[in-house]
Amino acid sequence: MQNIIPSESSVMMVGLNHRTAPVHLRETLAFSDQAADAALLTFKQRFPSSEAVIVSTCNRVELYVARHGALQPTTQEMVEFLAESRGVASAEASGSIYRMEQQAVVEHLFAVVSSLDSLVLGETQILSQVKQAYQRAAAIDAVGPVFHSLFQRSFAAAKDVHERTGLGDGHVSVASVGVDLLRGVFDRFDDKTVLLIGAGKMAGLMLRHMVSLQPGRMIVTNRTAEKSAEMAGRFRLESVDFSRLCEWLTASDIVLTSTGSPEPIITADTIKQQMKARQYRPLVIVDIAVPRDVDSEVARLGNVYLYNIDDLERVAQNNRQQRGAKVDLSRGIIARHTADFMHWLAARNTGPVVKALYQHCRQISDQELEVLMAGNPDLTESQKQAIRKMAHRLVGKILHVPVTELTTQAAHHRRIHLAGAIQELFHLLPPDSGKSDSDQPPEKSL
Amino acid sequence: MSNPAEPYTHLSILQFATALAAAVSFLAAFWFEFRALGRQRSAGQSPPVNASERLSPALVVGNGVFLITLLLISRMVDARRMTLPLSDYFDAFLLLALVLSMLWGYLQWTRHLRALATFLLPMIFALMVVGIVLGLAGVRHFGAHNPWVAAHIASVLLGTASFAAGCVGGIAYLLADRRLKKRGRIGWDLFALPSLASIEKFTRHAIVLGFALLTLAAITGIFRAVRDPQLMGQHWYVSPKVLLTAVVWLVYGSLINIRLVPVLRGARCAWLSIIGFMLLMTVFVVML
């Protein structure tokens, strides 16, 4: 008798991340796009019946494999392959590498894509990185039905997590929080002027974020004209004379200060006068200098919004805490998506047996119906139809419990055992051997 | 505005219950919206809100609007007229709630002002409650059969709706301003609000429209008072209603000319839009 029990698909993963491996090891094991493609092609040659995806970012390197029936590769072989691909001794990397199988892999991937496993909780960059890794692998045929389903479900899970929990809401870096606060005051920036006072390192970082707002004008001033010119050149700003600071304050809507001055260079009196001159239009001052460049009394003035580095850090910290509070809810959503995938995988693995079982029972039912119809020529068409329906329902109801038992078995060996028993007891042949599609079981019976 | 000869339409128990149900609908919608907005913590950001979160308040507000429409039709039948019923304060506040519900519907589908729509709901609820109380008390009967009176009342009502929206804008502005000033130190940073500039723009538009309608109401009112000296007496121009209305008109007049009085920009403007609306409500009280 031909064996129709399918080759069971299983998913495995080996990898390391920012928690398990030092940065030098992550750097050594990281794959460029080309290196990942080459490694996947080699992997496919070595294990032709497997599916594989390599996810490589600055914080993690992970090799995902779906194995169909074969006993290879094992996780140890995957670790060796990973190390060998990057020219590292597997013994050296082994201590930092985690290994996962089946449900743990699915749960892990969903958490990674949802950014629950990221260095910055809730960041969305990882989603596009995993998407790219999956698309690259798909382009070179390293991905099959199991990984198509797994990765697409992981993107859906991430979307679900972010939509339901708002995990990515609120920025967590000081620079982006500064930009968020600006968005709280202004609705457009193309008519706004940004004034940068000083040329500190942090100012450069914040300026990069501000450039993304596309303000109408960006000017820089500094006590040392050369430094101001250097900053202007680097960020394509307009360098202006520091001695006319009050004029620039009047003209500006956003002021970013980052000087090394030991005393405040902007006092409440200065701003009070400038506010009158600027007809009380809102003014946002972001003071990231330490010691502070702007007198704290300025914050008391109407229509002036003053933020120093501690304020920005506090908001970022609040956002981080809010994200942290959403982890449990996110894990619950991921657990549901994981269960759905595992159910799909189990159904896929036992599908041929279920199909053959239904086909077999329907065949018997149809034969008996033919005998019955031949022996009772007086039956009307509606009576015949009713008897056919009853026979089909009977088959569906009888098979419902054993099929449910088979498809919901979580343990792999138990599922194989049950599938084997069903095949042997019913003398099942491979499905669709000479039968039409109508032999397939109805959805509701499953 | 009163005319004792007008057949008076009493508020029935069924009308009272329907109005109460409509008011509760707006309160329930506020609760749904507030919960949904709790997920949008960053100012200026509007992350996608799922369909059920959008649908729930929309359905509840829709229910309120449906009930108000039913009520207005029943009042129309009661008054035996095929025009909008403007018999008394109850009708007037129903119409106010209906106009503000329409504004809610408009704001609901704008990206940056959605949070303002949420703030409109308690305002609609409050106006409904005031309408119900005054309806039960059976106070003040308008004589809306006269075209001048009808024009006067219509402009008063639409102007009041605009100023109510302006008041909501003012409240939202003060909350947003306080949050931005406190720099992450406050615990009620629970919902996303539009940027100060967006709120200010919304408030300004509401006030400009309200001011135009209030001016029209004042002109029609003065015309009636001059034409019919019996109505408000010879010294109508020193009556509390007229004096208070003049103050309201001046307050809003200064707000729409903010360029001439720049010192009123920002939080002061927001406070004045709230105070202006409170004064306007006082005019209604004086008219009782």
Side-chain angles (χ1 to χ4, degrees), chain A residues 124 159-160 162-172 176-189 191-192 213 253 275-284 286 296 299-319 321-323 326 329, chain B residues 35-54 110-113 115 172-202 258-271:
Chain A
T124 49
K159 190 171 175 250
D160 203 9
H162 281 268
E163 274 190 8
R164 284 171 184 241
T165 66
L167 186 67
D169 289 1
H171 286 113
V172 291
S176 46
V177 162
V179 171
D180 261 1
L181 290 166
L182 293 179
R183 284 207 181 98
V185 177
F186 303 115
D187 57 349
R188 55 186 288 192
F189 293 89
D191 59 348
K192 302 290 181 294
L213 298 172
D253 303 286
M275 286 305 284
K276 202 173 176 183
R278 49 187 282 113
Q279 297 216 314
Y280 300 93
R281 280 180 292 117
L283 174 67
V284 181
V286 182
S296 58
R300 292 180 183 275
L301 299 174
N303 296 340
V304 181
Y305 303 92
L306 170 65
Y307 304 108
N308 61 39
I309 194 78
D310 286 351
D311 298 325
L312 301 182
E313 183 49 51
R314 189 183 307 112
V315 177
Q317 181 65 27
N318 283 350
N319 288 344
Q321 280 173 359
Q322 283 168 7
R323 285 187 181 192
K326 293 169 183 169
L329 184 59
Chain B
R35 270 185 6 174
L37 282 172
R39 305 223 173 93
Q40 302 175 35
R41 287 166 197 262
S42 302
Q45 285 188 335
S46 280
V49 175
N50 66 40
S52 69
E53 278 179 347
R54 274 204 154 187
T110 59
R111 184 177 158 78
H112 296 297
L113 294 173
Y173 188 97
L174 291 177
L175 288 174
D177 180 71
R178 185 167 160 75
R179 186 172 68 173
L180 285 163
K181 282 271 186 192
K182 288 290 172 183
R183 299 165 285 179
R185 286 198 193 91
I186 43 177
W188 47 267
D189 186 14
L190 290 173
F191 41 82
L193 283 167
S195 65
L196 290 179
S198 301
I199 303 174
E200 198 177 24
K201 213 179 280 175
F202 169 83
I258 204 91
R259 280 172 203 280
L260 301 177
V261 210
V263 75
L264 292 181
R265 263 184 201 274
R268 285 186 182 130
C269 175
W271 274 116

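Proteins get letters first, then strands, A, B, ... in listed order; numbering begins at 1 in each. Side chains are part of it too, since the values below use all heavy atoms of this structure and drop only hydrogens, waters and symmetry mates.
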(message) Ignoring hydrogens, what is the shortest heavy-atom contact between A:F186 and B:S195? Give both atom names and the distance.
(response) O-CB, 3.5 Å

(request) Ignoring hydrogens and angles, tell me if any N or O in the side chain of A:Y305 forms a donor-acceptor pair with the backbone of B:D177 under 3.5 Å. (result) no

(request) Check salt bridge (Lys or Arg N to Asp or Glu O under 4.0 Å) between A:D310 and all other residues, then give those that pass, not counting sequence neighbours. (result) none

(message) Donor-acceptor check, side chain of B:K181 to backbone of A:V304, threshold 3.5 angstrom: yes or no?
(response) yes

(request) Under the salt bridge (Lys or Arg N to Asp or Glu O under 4.0 Å) rule, collect the residues that match up with A:D253, sequence neighbours excluded. (result) A:R278, A:R281

(request) Drop me the distance from A:D187's CG to B:I199's CD1, to the nearest 0.5 angstrom. (result) 10.5 Å

(request) Applying side-chain contact (heavy atoms from CB on, under 4.5 Å) between B:L180 and each of A:L182, A:V284, A:L181, report the one that passes. (result) A:L181

(message) Need one label for A:L301: side chain, backbone, both or neither, based on atoms under 4.5 Å from any heavy atom in chain B.
(response) backbone

(message) So which atom in A:Q279 and which in B:R265 form the shortest heavy-atom distance, rounded to 0.1 Å?
(response) O-NE, 2.8 Å

